[in-house]
Number of protein chains: 2
Amino acid sequence: MNVDETAPQKGTVTQRAIERIKAMIAEGRLEPGQRLPTERDLAAQLGISRSSMREAIRALTVLGVLEARHGSGIFVTQLEAGDLLETFGVVADLSRGPRLVELLEVRRILESTATALAAARITPDQLAEVEKHLTAMNATEDPEEILAHDLAFHREIAAAAGNDTMAAILEGLSSRTFRARVWRGYQEEGAFTRTRREHAAIHRALVARDPEAARAAAAAHVGEVEEWLRAQIGG
Amino acid sequence: MNVDETAPQKGTVTQRAIERIKAMIAEGRLEPGQRLPTERDLAAQLGISRSSMREAIRALTVLGVLEARHGSGIFVTQLEAGDLLETFGVVADLSRGPRLVELLEVRRILESTATALAAARITPDQLAEVEKHLTAMNATEDPEEILAHDLAFHREIAAAAGNDTMAAILEGLSSRTFRARVWRGYQEEGAFTRTRREHAAIHRALVARDPEAARAAAAAHVGEVEEWLRAQIGG
DNA sequence: GAGACCGTATTGGTCGGACCACCTCGCTGG
DNA sequence: CCAGCGAGGTGGTCCGACCAATACGGTCTC
């Protein structure tokens, strides 16, 4: 029935199905947003059971490549940075000990560069948005709210840097649980004041459109947490 | 039967199972390398069918969190950077157009920093390994072989930087298919000579243990490709 | 004629069971 | 003591059925 030449057995049937679909997208035979055949049809086309095909679809779903809508069908995502790099947050959530420091180091490198780029490129609208979160952050004592505005503050800056991929990675590195875990201890040491001062410094650099100052301020900001965490683990 | 308080319906049953297992690992109830109960037992514990549980396991498998060994059982991976960031290569494989440039920009930022760190930290053994690949790269005209040694060259340097997470990300950004796709065109324009010169410059900076020179050389190296790709897309 | 309503077909989601392929480990026999 | 074998356990695959959400068409009402 199946005359495919490229079908020697390598790995599991499901794994092959995953590769097949991935290849279809990579080759452009499946465009972003396009709808796929039904699970039943896809399974029939590849000559496998619906169960195996469902596992393949589920795998590509968690990778952010496909999106299944109950009752409607299966669709290729827009394949935007946000879709594909969502899994990056999983890494942050499951990391601990020394790897948390490594992740913060990566974040420091990317965030400082992103902030520098933002200083040169940020628009007035975006800057106003940044200021909004800065003000809100300083107007409350509720840790939850502070954290939310802190996240949004950096998210806006990352977006202003103009590199969606970088912004998506930074989003993963600052994901809610990751930040909450590290910051719980950090902020308990009365780091609120220092954090606010650092945020203010970043904001000043953005207003001044000074990339080097922005880079330094952002690096110092993340570096503070990094140093603290390093000490926590070391001792 | 099930007296779980944390079991309101959110999302699909499979999705909930994924979260449950992820939570177990995040909370430390499942250690790296540890074996999980059988699929049948796990399904029974969460009160779902084996099919749904298999989808959940498959999802966590592709994320690099779990590893299923036919006939043996399901195990938690070592949760090392390499395991979890393997999926990063998928992003690179499925990206095209402008996003490729963005990915190269991220790579340039990280690779230049990693190379700078390596200049300060690289050991004689590691340096010898780097030189081995540099020599081999210059001793052949076979594109396949050049690419392989090119990859190994940068991989060694990234490893010498001492941040496994960064190395894993760079590995994903330099994955075979990604490089092959971009470099095919780039090298066809006779970029061999320039590439060799750039690699030599990076090597010299490492030998001299000069981080700033290393950073500049690496940034220029990746930047060359980045510029070329930008031009390709723009026109 | 336009719009709200409803029923049916389609499609993903879940379930249970059956069988196969592979690995492990203890038993057996030399 | 060890090599070989065999049974049991485990993941891999398949099938068929049913549930639940959606999309679409026709019908009814105003």
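Letters A, B, ... are given to chains in the order of the sequence lines, protein chains preceding strands, and every chain is numbered from 1. The basis for the numbers below is simple: all heavy atoms, side chains too, and nothing from hydrogens, waters or symmetry mates.
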N/O donor-acceptor pair, side chain A/R50 with base C/dG13, under 3.5 angstrom: yes
Comparing A/D41 and A/R58 on DNA chain C - which has the more 5′ nearest nucleotide: A/D41
N or O in side chain of B/S52 less than 4.0 angstrom from C/dC15 OP1/OP2: yes
D/dA21 OP1/OP2 closer than 4.0 Å to side-chain N/O of A/S72: no
Separation of atom CD in B/E55 from atom P in C/dG12, rounded to whole Å: 12 Å
Donor-acceptor contact below 3.5 Å, side chain B/S174 vs main chain B/E171: no
Rounded distance (Å) that lies between atom C1' of D/dC15 and atom CE of A/M53: 16 Å
Pair A/E156-A/H133, side-chain donor/acceptor within less than 3.5 Å: no
Separation of D/dC14 P from A/R40 CZ (nearest whole Å): 16 Å
Exam field: side chain B/R121 to backbone B/A161, donor-acceptor pair closer than 3.5 Å: yes
Separation of D/dA21 P from A/E67 CD (nearest whole Å): 17 Å
Touch class at under 4.0 angstrom, heavy-atom based, for B/I57 against every strand present: nothing
Any donor-acceptor pair under 3.5 Å from A/R176 side chain to A/L147 backbone: no
Sugar-phosphate, base or nothing in reach of A/R69, heavy atoms under 4.0 Å: sugar-phosphate
Proximity to the side chain of B/A68 - top-ranked nucleotide from C/dC15, D/dG11, D/dA23: D/dG11
Between C/dC19 (P) and B/H70 (NE2): distance, integer Å: 17 Å
For atom CG of B/L66 and atom P of D/dG12, their distance in whole Å: 11 Å
A/S51 (side chain) and D/dC15 (base): donor-acceptor pair under 3.5 Å: yes
Between D/dG11 (P) and B/L36 (CG): distance, integer Å: 9 Å
Upstream residue (5' side of DNA chain D) when A/G71 and A/T12 are each assigned their closest nucleotide: A/T12
Nearest to side-chain heavy atoms of A/I48, which nucleotide of C/dC22, D/dT13, D/dC14: D/dC14
side-chain N/O A/T38 vs C/dT10 OP1/OP2, d < 4.0 Å: no
Atom-to-atom span, CD1 of A/I74 to P of C/dT11 - whole angstrom: 11 Å
Any donor-acceptor N/O pair, B/E55 side chain to B/T14 backbone, under 3.5 Å: no
N or O in side chain of B/R54 less than 4.0 angstrom from D/dG11 OP1/OP2: no
Phosphate-side-chain proximity, A/R35 and C/dT11, N/O vs OP1/OP2 below 4.0 Å: yes
Full working for ring-ring contact (aromatic ring centres under 6.0 Å, His included) between B/H149 and B/H199: CA-CA 11 Å; B/H149 286 294; B/H199 279 156; over 10 Å; no
